[in-house]
Asks: 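Quick one: structure below, then a few questions.
Everything quoted here is computed from the prediction, not taken from an experiment. Values below: all heavy atoms of this structure, side chains included; hydrogens, waters and symmetry mates excluded.
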Amino acid sequence: MQPKHASIAVNGIELSYFEWTPESVGENSYKPTLIFAHATGFHARVFDAIIERFAGHRVISIDLRGHGRSTGGPITHWRQVSDDVNALIGHLGISQAVGIGHSMGAHTLLQCTADSPDAFRQLVLFDPVILMPDYYNYDTAELANNEPHPTSRRKRDFASLEEMIVRFKTREPYALFDPRVFEDYCRFGLLHIGESFELACPPEVEASVYESSRSNASILETAASTETPALIIRAQQSQMMDFKGSPTWPELASTMPRGTDLYRPDRTHFHPLEDPADATKIIAEAIDGHA
């Protein structure tokens, strides 16, 4: 089942998305649309290994601003990302969907649920970047004087897909990924520019997302007022600055009217990418158990 690729003009950018449509739907077999939103530095197609297991559903997977085939320069506020997705939801007439997000994508879908109340009937959020309250209390002037995020120095250009695969396959976190997911990450994570290839998420865009990660402090109020059922899957806790530990506030689900916490210390922050079969099981059980 190959997806259709399309984009819409929104908020000064071209927002790219991929759509999978079931070949046929039985008369009494309604299945909700699934909306996928990826993590920082990734793209819509990293979910292919999960999406193919939901062949009976209409599925939309989005290239967030500045990622994949979507245009847009550095991000200064995370509401820019959710505003884009809200516009796409309106454009496609999405309602009562299941939102499945990872990391920044999970944060984005939670914000969209508040901004577009009819869009989602349920959320499945893998390690959303929604931090404990103290992290949002910061001096903006001090933050502006910080050094650029290390991801701004990532290698941008590659001679071929094979070069990217060889460079990344033994490095963490990529070495943690399921082999199929890693291949999809590389294959769809490059844009053919002239005679070479460039990362589909430019280093300066990836860095800007990390640098603005505390910009949407109101997300905690959003979580506390959102009536949409939400499953929060949290990965292992870690004090290491290696991206593998969970950034999610452990008390997040308890502040949500219909939030459920699922702590998975056996998984890293890259849970859906390292074990798509397990992520699929969690999503399927959440959908089947929805009242």
Asks: When you compare the side chains of Gln96 and Asp118, does any donor N or O come within less than 3.5 Å of an acceptor on the partner?
Replies: no

Asks: Looking at Glu183 and Lys169, does any basic side-chain N land under 4.0 Å from a carboxylate oxygen?
Replies: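 No.
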
Asks: What about the rings of Phe158 and Phe197, do their centers lie closer together than 6.0 Å?
Replies: no

Asks: Checking one residue: Leu191. Which other hydrophobic residues are in its cluster under the side-chain 4.5 Å linking rule?
Replies: Ile193

Asks: Under 3.5 Å, is there a donor-acceptor pair linking the side chains of His57 and Thr33?
Replies: no

Asks: Using a 4.5 Å cut-off on heavy atoms from C-beta on, say whether the side chain of Tyr135 contacts that of Trp249.
Replies: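 With C-beta onward as the side chain, the pair stays apart.
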
Asks: Of Phe126, Tyr263, Phe177, which meets ring-ring contact (aromatic ring centres under 6.0 Å, His included) against His271?
Replies: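 Option passing the ring-ring contact (aromatic ring centres under 6.0 Å, His included) with His271: Phe126.
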
Asks: Any luck finding a side-chain donor-acceptor pair between Asn86 and Asp115 under 3.5 Å?
Replies: yes

Asks: Looking at Asp84 and Arg65, is there a salt bridge between them, counting it only when a charged N and a carboxylate O are closer than 4.0 Å?
Replies: yes

Asks: How about Ser7 and Arg69: do any of their side-chain heavy atoms sit closer than 4.5 Å?
Replies: no

Asks: Indicate yes or no: at least one non-hydrogen side-chain atom of Thr40 is less than 4.5 angstrom from one of His102.
Replies: no

Asks: On the ring face of Tyr185, is Arg45 found with NZ or CZ under 6.0 Å from the centre and within 45° of the axis?
Replies: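 Negative - Arg45 is either too far from the ring of Tyr185 or too far off its axis.
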
Asks: Indicate yes or no: at least one non-hydrogen side-chain atom of Tyr136 is less than 4.5 angstrom from one of Ile219.
Replies: yes

Asks: Picking from Glu274, Lys244, Glu172, what satisfies side chain to side chain donor-acceptor pair (under 3.5 Å) with Thr268?
Replies: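 Only one option passes, and that is Glu274.
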
Asks: Taking atom CD1 of Ile232 and atom CG of Asp261, what is their separation to the nearest 0.5 Å?
Replies: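 It comes to 8.0 Å.
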
Asks: Strictly under 6.0 Å, is that where the ring centroids of His38 and His43 end up?
Replies: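 Centroid distance His38-His43: not below 6.0 Å, so no.
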
Asks: Rounded at 0.5 Å granularity, tell me how far OG in Ser246 sits from CG in Asp127.
Replies: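 One gets 3.5 Å once the value is rounded to the nearest 0.5 Å.
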
